[in-house]
Q: 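One structure follows; several queries about it will come next.
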Amino acid sequence: MNFKFLVTAAAVSMALSSVAQAAVEDGTYEGSANGKNGPVTVAVTMKAGKIADVKVVKSGESAMISDVAIARVPAEIVKNQSLRVNNVSGATLTSMAIQAAATNAVKEAGGKPSDYYKAPTKKVASNIDVEYKTAVVVVGSGASGMAAAVRSQLNGNPTILIEKMPYMGGDTILNAGTLIATGSRYQREVMKEDKDSPELAYKDIMHVGKNKNDPVLVGMVSKKAGKVVDWLIDDLKIPYGPAATQYPDHSASRQLGVTGRSPNFIRTMADIFTKNGGKILMETKATSLIYKNGRVRGITAVNSDGDKITILAKETILASGGFGANTKMLPPTLKGYLFYGLNSDEGQGYEMARKIGAQNINMDLVKVYPQGVETEPNHGLAATASSTATINDTGAIYVNSKGKRIINERASLGELTDITVAQPDKIMYLVMDKTGYDRYLDKSLEDKLVPNEDVLRKWLKIENNGRPIMVESDSLADAAKVMGIDPQGLEATVKQWNKMAEEGKDTEFNRPNPKAILKAPYYIVEQKPRFATTLGGLKANADMQILGKGGKPIPGLFGAGCVVGGANGADSMTAMMNSWAIISGVDAADAATAAIKGKKK
C-alpha cells in the first residue's frame, strides 16, 4: 500500500541539512519501547544524518497480527525519513511501539527526534471501480473462511477470498488450533480411541451448550468431523497431533492440536489456496451483498486505496466472524467481563445479511471463558492454558474473595466459568507456591502468553480498582490482604488443603492427587471471566445455507464460523469453536459446489 505525503523524502533530507548530519554519528543504534505484549526493540542505521535502515530485532507481539506492522512501519520510516508514519490497522500498539523504539534509537545516535518528525497525511481515496467475476467469493480469512476457500478451490471452483484487515486469520490466530477428531482415521489408528462416536460427540456438545444449541448444526458437525480431519491430515498434510492440553469436558480422547498453533494453520492453508490458483484480496472490506431478483450474486467492497470493488459470484460464503467488539450488539449481561478478542470483530457480515432478510438465533449468548487476567482496563489475556497446566501439575488451588475453595480445580472450563461468574465480584483467584509459579511461567512462555518473565512480573505492578492482578509474598496472609482476599480464610483453606495433600485425599471436592502448597514465596493471580467469541448469529441449515423469511434458504448465500449462530448453544466445549469454524467452512464450500453443479450435496 502506497502512502502519499505532502513532503517527499528528498525534501525532508534537505531540511535536515548539516545540523542533523553533524549531530548524528554513522552507525547502527538500538532503541526499545513497549508494545501490546511487551518490549519491542528496533535497530536503526544512520548514514550522513539520514535514516538508512530500520529493523525490528526483538518482539513478543502476537504472530501474524504484528507481522505487517513489523514489515511495513520500518520501511515507511526509511522511505519518508520520518519517525511518524501511518499505523497499521489492527496493529496500532505494535506500530506505535516501533516508531517509539526508532525514536529512542535516533536519540541514542545523538540525533534530535524532532528533526525527523513529519506528520503523515491522510490518503486520498482513488475511487477506482474494479470488477471481478468468480465462481465463489469468501468473506473473511479466519479458520472458517480459509477452510471454505481452500475446499472450494480444490473442488474446482475459481474462488476469491477477501480480508478487511492487513493480516489473515481473524480471531483464529488467538487460539491454540485445537480440533475434535471424532470418527477420523487418526483417532482410531494413532490415538487408539475406539469408544468415541458421532452420537457421543453430539451428546457432549449439547451438554456443554446447555441444550441451547441448534441440533441441526450439532448433528452436522459431529457426523462430518472425521472426514474433515482425514482431509486435513491425510490430503492436505496439515501437521495435527494430540492436543498438548486435554480438557475434561470430552467423554473420549478426541482433542487434536496443530503444530505451530493456529497461525501456522492459517499460513499453511493460505499457501495451499494460492498455489492452487486461489486469489486473496487483503485490506478489502465487504460493504454489502449484491442481492437481485431474490438471489445473492456477490458482494461490493472497498480496499485500502479507496478502490470500489465489485465481485460477481455464483455463490457467496460469509465467514466474517462475530461481533464481540461491537458493544451495541452485545447483551448487557457482559458488563464487567474482559474482552480479549480483536477490535475488528464488529459483526459487519451479520448486518449485511440481516439487511436482506436473514434470520438470527441466540443473539443473547456469548462464549465466556474463565481465567482472564486484566492487563489493560476492560481487556484481558487468555491465561487458561497457563492456569490449567499449573493446576494439573502442582498443588495450586482456586479460591474466592473469602479465601475459600469453591470447586474441584480440574473441573471443565464451563464449570469454572459458571463458578467464577457466580461470585459477587465475578473473580476467583489462583493461589500457588514457588513450584506452581515456575510451572505457570513455563507454560506462559511456551504458549507465548508473555514473551519473557520480565513481562509476567510486570503484572505485580498492574492495578485495577486499587488491586493488583498478581501478588508475590513470603506470607500468605500479606498476599491475601493485597489482593482483597480474607487473610484468615485463605490461611485456613491452605492449611486444610495441605493436610488433605498429606493424607492423599481431597475430602472437599475429590480432586485427585492433591499436592501441598508449601514453598515460599506465594503467588496469587486473578481469574476473571473473559469473552471474545459470540455464540449467536445468522441462522443456517445443515448445508450452511443462510435462512431468510419463513425459514427458507436465501439463494446464493452460505455462512461459516461465528457469523452463524446456534452450533455451540450457551457454551462451547473445548476445541469446539475452532472445530465449528473449520467443519462449517468445509461444509459450506461443498454445498456451494453442489449448487454450482446443480446437484444436491
Q: Indicate whether any N or O donor in one side chain lies under 3.5 Å from an N or O acceptor in the other, for Ser584 and Ser144.
A: no

Q: Tell me if a side-chain donor or acceptor on Lys448 pairs with a main-chain N or O of Leu445 at a distance below 3.5 Å.
A: no

Q: I'd like to check the side-chain contact (heavy atoms from CB on, under 4.5 Å) partners of Ala101; sequence neighbours left out, ordered by chain and number.
A: Ala33, Val42

Q: Any sub-3.5 Å donor-acceptor pair from Trp580's side-chain atoms to Gly561's backbone N or O?
A: yes

Q: Would a distance-only check, ignoring hydrogens and angles, find a side-chain to backbone donor-acceptor pair under 3.5 Å from Lys223 to Glu199?
A: no

Q: Please give me the minimum heavy-atom distance between Asp506 and Pro514, naming the atom from each residue.
A: N-CG, 4.0 Å

Q: For residues 438-447, which residue pairs qualify under salt bridge (charged side-chain N to carboxylate O under 4.0 Å, His left out), counting only residues two or more places apart or in two chains?
A: Arg261-Asp447, Asp393-Arg439, Lys434-Asp438, Lys443-Glu446, Lys443-Asp447

Q: For Phe531, enumerate each residue passing the ring-ring contact (aromatic ring centres under 6.0 Å, His included) test, keeping only those at least two apart in sequence or located in another chain.
A: Phe339

Q: Tell me which donor-acceptor pairs under 3.5 Å the side chains of residues 419-426 have, and how far apart each pair is, sequence neighbours excluded?
A:
from, atom 1, to, atom 2, distance (Å)
Thr420, OG1, Leu416, O, 2.7
Gln423, NE2, Ile419, O, 2.8
Asp425, OD1, Ile427, N, 3.2

Q: In Å, rounded to the nearest 0.5 Å, how long is the span from OG1 of Thr182 to CG of Asp196?
A: 3.5 Å

Q: When you measure from the side chain of Glu415 to the backbone N and O of Ser412, does any donor-acceptor pair fall under 3.5 Å?
A: yes

Q: Would you list the pairs meeting side-chain hydrogen bond (donor to acceptor under 3.5 Å, both in side chains) in which at least one residue belongs to residues 560-576, sequence neighbours left out?
A: Asp249-Thr574, Lys367-Asp571, Lys367-Ser572

Q: About how many Å separate CE of Met191 and OG of Ser184, when rounded to the nearest 0.5 Å?
A: 7.5 Å

Q: Per the side-chain hydrogen bond (donor to acceptor under 3.5 Å, both in side chains) rule, what does the pair list look like for residues 490-500, sequence neighbours excluded?
A: none

Q: Can you measure from OH (Tyr240) to CG (Leu256) and round to the nearest 0.5 angstrom?
A: 7.5 Å

Q: Would you say Asn392's side chain and Ala389's backbone share a donor-acceptor pair under 3.5 angstrom?
A: no

Q: Do Thr394 and Thr435 have side-chain N/O donor and acceptor atoms under 3.5 Å apart?
A: no

Q: Does the side chain of Gln371 come under 3.5 Å of the side chain of Thr384 through a donor N or O and an acceptor N or O?
A: yes

Q: My understanding is that only residues two or more places apart in sequence, or in another chain, count here; which of them pass salt bridge (charged side-chain N to carboxylate O under 4.0 Å, His left out) with Glu376?
A: Lys36

Q: Are side-chain N/O atoms of Asn175 and Ser262 paired as donor and acceptor at under 3.5 Å?
A: yes

Q: Distance from Ile391 atom CD1 to Leu430 atom CG, nearest 0.5 Å?
A: 5.5 Å

Q: So, for Ile266 and Gly142, which heavy atoms are closest and what is the spacing to 0.1 Å?
A: CD1-C, 3.9 Å

Q: Nearest 0.5 Å please: distance from the CE atom of Met168 over to the CE atom of Met165.
A: 13.5 Å

Q: Taking the side chain from Ser62 and the backbone from Ile65, do they hold a donor-acceptor pair closer than 3.5 Å?
A: no

Q: Hey, does the side chain of Asp433 reach the backbone of Leu518 with a donor-acceptor pair shorter than 3.5 angstrom?
A: yes

Q: Identify, with sequence neighbours excluded, every residue that meets salt bridge (charged side-chain N to carboxylate O under 4.0 Å, His left out) alongside Glu30.
A: none

Q: Could you work out, with salt bridge (charged side-chain N to carboxylate O under 4.0 Å, His left out) as the rule, every residue matching Glu409, not counting sequence neighbours?
A: Arg405, Arg511

Q: In a check of side-chain contact (heavy atoms from CB on, under 4.5 Å) between Met428 and each of Ile406, Asn400, Val399, which one passes?
A: Ile406

Q: I want to check something: taking the side chain as every heavy atom from C-beta on, are Val221 and Met576 in contact at a cut-off of under 4.5 Å?
A: yes

Q: Measure the CD1-CG distance between Ile361 and Leu538 for me, rounded to the nearest 0.5 Å.
A: 11.0 Å

Q: Any donor-acceptor pair under 3.5 Å linking the side-chain atoms of Thr94 with those of Glu61?
A: yes

Q: Salt-bridged, Lys458 to Glu453, with N to O below 4.0 Å?
A: no

Q: Tell me whether Glu193 contacts the main-chain N or O of Ala252 through its side chain, where contact means a donor paired with an acceptor under 3.5 Å.
A: no

Q: Can we say Glu526 and Lys528 salt-bridge, meaning some charged N sits less than 4.0 Å from an Asp/Glu carboxylate O?
A: yes

Q: Report the residues that fulfil salt bridge (charged side-chain N to carboxylate O under 4.0 Å, His left out) with Asp345, sequence neighbours left out, ordered by chain and then residue number.
A: none

Q: Give the table of side-chain donor-acceptor pairs shorter than 3.5 Å for residues 467-475, with sequence neighbours excluded, one pair per line with atom names and distance.
A:
from, atom 1, to, atom 2, distance (Å)
Arg467, NH1, Lys481, O, 3.2
Arg467, NH1, Val482, O, 3.3
Glu472, OE1, Arg457, NH2, 2.7
Glu472, OE2, Arg457, NH1, 3.4
Glu472, OE2, Arg457, NH2, 3.2
Glu472, OE2, Tyr523, OH, 2.7
Ser473, OG, Ser475, N, 3.0
Ser473, OG, Ser475, O, 3.2
Ser475, OG, Ala477, N, 3.4
Ser475, OG, Asp478, N, 3.1

Q: Can you tell if the side chain of Tyr522 reaches within under 4.5 Å of the side chain of Ile517, non-hydrogen atoms only?
A: yes

Q: So, do Tyr350 and Thr534 sit near enough that their side-chain heavy atoms are less than 4.5 Å apart?
A: no

Q: So, Asn326 side chain and Gly347 main chain: donor-acceptor pair closer than 3.5 Å or not?
A: no

Q: For Gly436 versus Thr390, what's the shortest heavy-atom pair and its separation?
A: O-CG2, 3.4 Å

Q: Keeping to residues at least two apart or across chains, list the side-chain hydrogen bond (donor to acceptor under 3.5 Å, both in side chains) pairs with something in residues 200-211.
A: Asp204-Ser251, Asp204-Arg254, Lys210-Asp418

Q: We want to know whether Arg530 and Tyr369 form a side-chain donor-acceptor pair, criterion being a heavy-atom distance below 3.5 angstrom.
A: no

Q: Between the side chains of Gln527 and Ser387, does any donor sit under 3.5 Å from an acceptor?
A: yes

